[in-house]
Amino acid sequence: MTTPSAVRHLSRPASFPSIFCRGSNRLSSTYAPTMRPLTLDLLNPTVAKVEYAVRGELAIKAEEYREKLKEGNHGLPFDKVISSNIGNPQQKGLEQLPITFTRQVAALMEWPALAELAPNAFPKDVIARAKELSQEIGSIGAYSHSQGVPFIRKSVAKFIENRDGYPSNPGHIFLTGGASAGVSLLISMLIQSPKSGILIPIPQYPLYTATLAQHDGAALPYHLDESSGWSTSVESIEAAIQKAKEEGVESKALVIINPGNPTGALLDEATQVKLIELCEKHSLVLLADEVYQDNLHQRKSHPFTSFKKVVAQTQSPVALVSFHSISKGVSGECGRRGGYFECTNFSDEILAQIYKMVSVGLCPPVSGQIGVDSMVRPPKPGDESYELWKKETDTIHEALASRTKTMAARLNALPGVSCVDSPGALYLYPQILLSEKARDAARQAGKEPDAFYALALLDETGICVVPGSGFGQKEGEWHYRLTCLCPGVDEYVGKLENFHKSFVQKYGV
Ligand SMILES: Cc1ncc(COP(=O)(O)O)c(C=O)c1O
């Protein structure tokens, strides 16, 4: 009979320098020289291939500056770091306040006794909502259903039905710890070998390439067209599929980010129909990342239409996964980790496999699920919370729209800068012309030219952006992404303008 390893360990000689023995000296252990330290070559090789620029070199340096600024004599040419690198609306120093209704419901779910201890602090509809959720969920400290609380999934299905005018099945909805968790799961399930590929827009949000690298799948880039407002063309996707085929790579899925990150572009319905037909033609799963569906700055001229609606309208058989999140929109609850994905045209067999995979992780964060409920079931006219909710959400939409417009106009006025005035999402993605002199200086510094520009911007102004090389761009073109979340546009953009002008003076355009 073999001895279980735990028992074998306990039965080692008394001289064995166990870490459980007080006073043991592990360095002098006779066993230590044989022990192999954990080194990089012992990790899964795919880990080394993962890159995520949003929290890359620039963000790390910005954090160092932030620490340095706490010292009295920091010697830096700025007195604050401006985090324009990440779409994290409630980040310290940014403007977006949490929605009161969302936080009140969350507070009562955390500590239900508050409703009795401070009855006047909460509107009646908030108390009623928390009671209703408590009856369904119980304690938020307990695991929920692995797919997410059934009651909340029903609320999500109703939200989708109201948005699109077509039925939605709560059984086909999976609540997640942010959209990232859902994207990652779907990619991990679709990649069968390094010869499985997923079509990714360029520029893209680096979650996609990072997750593909982790699962050893192929990222198949297709380019968005900057000259027509970062539009998506079927032809460029067809070309990417063809190229992949020639390289022996099978295209398995198409990622569409709508509204786009980093571009902010919005698709029109006619293009959506063409993209669905393309997926039908090539049997592609359509991964529709719609986390910015409520960040619309030109609602009338550029409305959002979900892929779910167009698939239902055209009665397409395409397998569609639609992702949404509480991190963006007016909610901006990035740290709460809540989101969902809805599967359309998926067989019960596949849904069962997805369910099995999500159950390995037990359940999505329950506080995030409650955040999803507040996002999909905001107060209605007539509810006590409604007026405040309306005022808060209108303020967020208006501030973002006006900042985006002002920033795009001022960036466009700079020499060598062109910027699409994005109708959606939280970002601008200006193109910058960088002279040969600037490119030479970048080469000497061992940096990509746009990273060189972004590092200089950070060093001189404390403004942290993400170079375009982190999102992908055409050979010989340079961009950077900045968020439109920072308050004090005048001061902030003023610093950007001054920096750019002095950069141009030094290196030319
Ligand atoms: C396009 C896109 N998809 C997904 C995510 C991830 O969002 P979440 O916080 O819900 O994981 C982001 C975050 O910035 C994003 O920009």
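Indexing begins at 1, ligand by ligand and atom by atom, following the structure's order.
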Please confirm whether the backbone N or O of G488 pairs with a side-chain atom of E491, one donor and one acceptor, at under 3.5 Å? no

Where does the angle between the aromatic ring planes of W389 and Y386 fall among parallel (under 30°), tilted (30 to 60°) and perpendicular (over 60°)? tilted

Counting from 1, what ligand 1 atoms have a heavy atom of I257 closer than 4.0 Å? 1 (C)

With respect to G338, determine whether any N or O atom, backbone or side chain, lies less than 3.5 Å from an N or O atom of ligand 1. no

Are there more than 12 heavy atoms of other residues, nucleotides or ligands under 6.0 Å from atom NZ of K405? no

Here the atoms of ligand 1 under 4.0 Å from any heavy atom belonging to K328 are 13 (C), 14 (O)

Under 4.0 angstrom from ligand 1, any heavy atom of F323? no

Output yes when K281 and E238 qualify as a salt bridge under the 4.0 Å nitrogen-oxygen rule, no when they do not. yes

Ring centroids only, cut at 6.0 angstrom: are Y453 and F499 within range, meaning strictly under it? yes

Donor-acceptor contacts under 3.5 Å from residues 172-179 side chains, at least two apart:
residue	atom	partner	partner atom	Å
H172	NE2	N169	ND2	3.3
T176	OG1	G178	O	2.8
T176	OG1	G339	O	3.3
T176	OG1	Y340	N	3.4

By number and element, which atoms of ligand 1 are closer than 4.0 Å to a non-hydrogen atom of S325? 8 (P), 10 (O)

Evaluate S180 for polar contact with ligand 1, using N/O atom pairs at a separation under 3.5 Å. yes

Surrounding NZ of K61 (heavy atoms of other residues, nucleotides or ligands, distance under 6.0 Å), is the total greater than 12? yes

Does S327 approach ligand 1 within less than 4.0 angstrom via side chain, backbone, both or neither, non-hydrogen atoms only? side chain

Where ligand 1 meets N261 - atom numbers and elements under 4.0 angstrom, heavy-atom basis: 1 (C), 15 (C), 16 (O)

Report, in ascending order of atom number, the atoms of ligand 1 lying under 4.0 Å from any heavy atom of R337. 8 (P), 9 (O), 11 (O)

Measure centre to centre between the rings of H145 and Y355, then say whether the value is under 6.0 Å. yes

Can you pull out the closest protein heavy atom to atom 3 (N) of ligand 1? Residue, atom name and distance to 0.1 Å, please. D289 OD2, 2.6 Å

Who's the nearest protein heavy-atom neighbour of atom 5 (C) of ligand 1, and how far? Y205 CE2, 3.5 Å

